[in-house]
There are 2 protein chains.
Amino acid sequence: MEEKFKLENQLCFKLYTASRLLTQAYHPLLGEHGLTYPQYLVLLVLWEKDAQPVNDIAKRLLLETNTVTPLLKRMEAEGIVARRKGKEDARQMIVTLTKKGRDLQKKLTYVPETVGNAVICESVTPETVPGLFGMLDDIIKQLKQ
Amino acid sequence: MEEKFKLENQLCFKLYTASRLLTQAYHPLLGEHGLTYPQYLVLLVLWEKDAQPVNDIAKRLLLETNTVTPLLKRMEAEGIVARRKGKEDARQMIVTLTKKGRDLQKKLTYVPETVGNAVICESVTPETVPGLFGMLDDIIKQLKQ
DNA sequence: TATATTTGCATCGTGAACGATATAAATAAC
DNA sequence: GTTATTTATATCGTTCACGATGCAAATATA
């Protein structure tokens, strides 16, 4: 009754905290360019493949469209992306990078390393990270059902 | 320029996704009792030690008081906790469990196991979890500075 | 072809997170 | 003892997350 309810034994709390703190590490780097962390994730998706419907972006990030839609509209207002109706399927909204959105990639070159360096420590090194990735991937796969 | 921006190489995205999905696994279990996941975390803290000031709860969860205060007020409105001014230090708000809050522990006995079982998979087993915990703890310690 | 269902996106409401700021009480400095 | 600073909490504004619901376009079915 005691041990299982201890905060230190909760995987979820550790994931939640690590996620929050690591996101906070991105904040000053991204904020300088007017970006939030979820917006940065959208850019990662679009830098890999431009011109995607809302649904594909949401699926890639494992988010719902009702989370992504307002986020994209804010990015559109910032001039980072453009949204236009799909030609073959009029229900789709195709999201494309603007020049400003594309140019941000160069400006943010240092971000992955900077954050990567910030987490390097005793048990988290280039050698152990693949194992950590594997476990997180398995957890995600498991919970996606 | 390519690899480092790939979504699959971002530790933060994996932590963020795993955290969200695992929190979602709690949702039906907690929702049945009118609780959210952060509210459940507050209960874990108070079940360990009742009658704590807002600040201690926030520190334990590594959250800011401006996150915890409204959360506690919602819990107070639900009759799960009570808040009273500190006697020796009138600035403090001491948060205590109500009977309803204490009784929830018995009603939620099955929650840790249920969620624990939900994440068991190939690379995440009782043998590997301690290693995962260790890495997450190190990441958290590192980012707390 | 008319109707039903599915799909893609959007809107709405609620509850976090969190930076910025405010306020009052406690403590320190003078 | 008066003033300055720190500390504990609260308020406000913005941006996610996400369940519930709505709507229009596409597809399936009758």
Side-chain angles (χ1 to χ4, degrees), chain A residues 12-13 15-28 30-32 34-42 52-78 80 83-95 143, chain B residues 12-13 16-28 30-32 34-42 52-78 80-81 83-95 143:
Chain A
C12 191
F13 175 61
L15 287 171
Y16 160 80
T17 304
S19 168
R20 280 195 311 107
L21 295 182
L22 192 47
T23 299
Q24 283 174 26
Y26 280 92
H27 194 263
L30 299 177
E32 207 171 332
L35 289 172
T36 65
Y37 180 70
Q39 289 173 9
Y40 174 68
L41 292 182
V42 169
Q52 295 191 52
V54 173
N55 213 15
D56 289 15
I57 296 172
K59 282 218 171 71
R60 193 78 207 290
L61 298 177
L62 298 179
L63 290 167
E64 301 298 319
T65 61
N66 57 1
T67 297
V68 175
T69 292
L71 205 155
L72 289 171
K73 292 177 94 167
R74 283 187 286 269
M75 292 177 80
E76 186 184 33
E78 297 290 328
I80 300 168
R83 304 184 318 137
R84 55 173 162 74
K85 279 226 170 123
K87 293 192 173 158
E88 54 214 57
D89 189 335
R91 292 171 304 179
Q92 291 186 331
M93 278 297 261
I94 309 296
V95 182
L143 295 172
Chain B
C12 190
F13 174 62
Y16 160 79
T17 303
S19 168
R20 280 194 311 106
L21 295 182
L22 193 47
T23 300
Q24 283 174 27
Y26 280 92
H27 194 263
L30 300 178
E32 207 170 331
L35 288 173
T36 64
Y37 180 70
Q39 288 172 11
Y40 174 68
L41 292 181
V42 169
Q52 296 192 52
V54 174
N55 214 13
D56 290 14
I57 297 172
K59 281 218 172 68
R60 193 78 208 289
L61 298 177
L62 298 179
L63 289 168
E64 302 297 320
T65 61
N66 57 0
T67 297
V68 174
T69 292
L71 206 154
L72 289 171
K73 294 178 92 169
R74 283 187 285 268
M75 292 177 79
E76 186 184 34
E78 296 290 329
I80 301 169
V81 302
R83 303 182 319 134
R84 56 173 162 73
K85 280 226 172 124
K87 293 191 171 158
E88 54 214 56
D89 189 335
R91 293 170 303 179
Q92 292 186 331
M93 277 298 261
I94 309 296
V95 182
L143 295 172

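Source: prediction; values computed, not measured. Convention: sequence-line order gives letters A, B, ...; per-chain numbering from 1. Only heavy atoms go into these numbers, but all of them, side chains included; no hydrogens, no water, no symmetry mates.
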Subject >> side chain to side chain contact (heavy atoms under 4.5 Å, CB included) between B/M93 and B/R84, worked out >> reply: CA-CA 5 Å; B/M93 277 298 261; B/R84 56 173 162 73; over 6 Å; no

Starting at atom [atom1] of [X], determine the distance to atom [atom2] of [N], rounded to an integer number of angstrom.
X: A/L61; N: D/dC18; atom1: CG; atom2: P; answer: 12 Å
X: B/D56; N: D/dT9; atom1: CG; atom2: C1'; answer: 13 Å
X: A/M75; N: D/dC16; atom1: CE; atom2: C1'; answer: 13 Å
X: B/L63; N: D/dT9; atom1: CG; atom2: P; answer: 14 Å
X: B/Y37; N: D/dC16; atom1: OH; atom2: P; answer: 22 Å
X: A/L30; N: C/dC18; atom1: CG; atom2: C1'; answer: 15 Å
X: A/R84; N: C/dG8; atom1: CZ; atom2: C1'; answer: 16 Å
X: B/I57; N: D/dT9; atom1: CD1; atom2: C1'; answer: 12 Å

**OP:** State, with a plain yes or no, whether a side-chain heavy atom of B/L143 is found less than 4.5 Å away from one of A/Q24.
**Re:**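 Sidechains of A/Q24 and B/L143: no contact.
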
Subject >> From CA spacing to verdict: side chain to side chain contact (heavy atoms under 4.5 Å, CB included), A/R83, A/I94 >> reply: CA-CA 6 Å; A/R83 304 184 318 137; A/I94 309 296; over 6 Å; no

Subject >> Upstream residue (5' side of DNA chain C) when A/T67 and A/R20 are each assigned their closest nucleotide >> reply: A/T67

Original post:
Below 4.0 angstrom from OP1 or OP2 of D/dA17, is there any side-chain N or O of B/Y16?
Top reply: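 Affirmative; the distance criterion is met.
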
Subject >> N/O (side chain, A/T69) to phosphate O (OP1/OP2, C/dA10) under 4.0 Å >> reply: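 Yes, A/T69 has a side-chain N/O under 4.0 Å of OP1/OP2 on C/dA10.
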
Subject >> Residue A/P53, side-chain atoms from C-beta onward, closest of C/dC9, D/dC18, C/dA16 >> reply: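 Given the options C/dC9, D/dC18, C/dA16, the side chain of A/P53 is closest to C/dC9.
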
Original post:
What's the closest nucleotide to the B/N55 side chain, out of D/dT9, C/dA10, D/dC18?
Top reply: D/dT9

Original post:
Taking atom CD of A/E76 as the centre, does the number of heavy atoms from other residues, nucleotides or ligands within less than 6.0 Å exceed 12?
Top reply: yes

**OP:** Run the numbers on A/M75 and A/L71 for side chain to side chain contact (heavy atoms under 4.5 Å, CB included), then give the verdict.
**Re:** CA-CA 6 Å; A/M75 292 177 80; A/L71 205 155; 3.7 Å; yes

Determine yes or no for a side-chain-to-main-chain donor-acceptor pair under 3.5 angstrom, with [X] supplying the side chain and [Y] the backbone.
X: B/T67; Y: B/L63; value: no
X: B/Y26; Y: A/C12; value: no
X: A/R20; Y: B/L62; value: yes
X: B/Y37; Y: A/F13; value: yes

**OP:** Mind listing the closest non-hydrogen atom pair of B/Q39 and B/G34 along with its distance?
**Re:** OE1-O, 3.8 Å

**OP:** Please name the pair of heavy atoms, one in A/A90 and one in A/K85, separated by the smallest distance, quoted to 0.1 Å.
**Re:** O-CD, 3.4 Å

**OP:** Start with the C-alpha distance between B/L41 and A/Y16, add both sets of side-chain angles, then the distance that settles side chain to side chain contact (heavy atoms under 4.5 Å, CB included), and finish with yes or no.
**Re:** CA-CA 11 Å; B/L41 292 181; A/Y16 160 80; 3.6 Å; yes

Original post:
Can you list, by residue number, the residues of residues 85-95 of chain A that have a non-hydrogen atom closer than 4.0 angstrom to DNA chain C?
Top reply: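 The answer is A/R91, A/Q92, A/M93.
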
Between protein and nucleotides 13-15 of chain D, what N or O pairs are separated by less than 3.5 Å?
none

**OP:** Could you pick out which residue, B/Q24 or B/L72, lies toward the 5' side of DNA chain D when each is mapped onto its nearest nucleotide?
**Re:**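 By nearest-heavy-atom nucleotide position, the 5'-most residue is B/L72.
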
**OP:** Kindly calculate the angle separating the two end axes of the helix from C/dT1-D/dA30 to C/dC30-D/dG1, each obtained from five base pairs, and round it to 10 degrees.
**Re:**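 That helix has its two terminal axes inclined by roughly 10°.
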
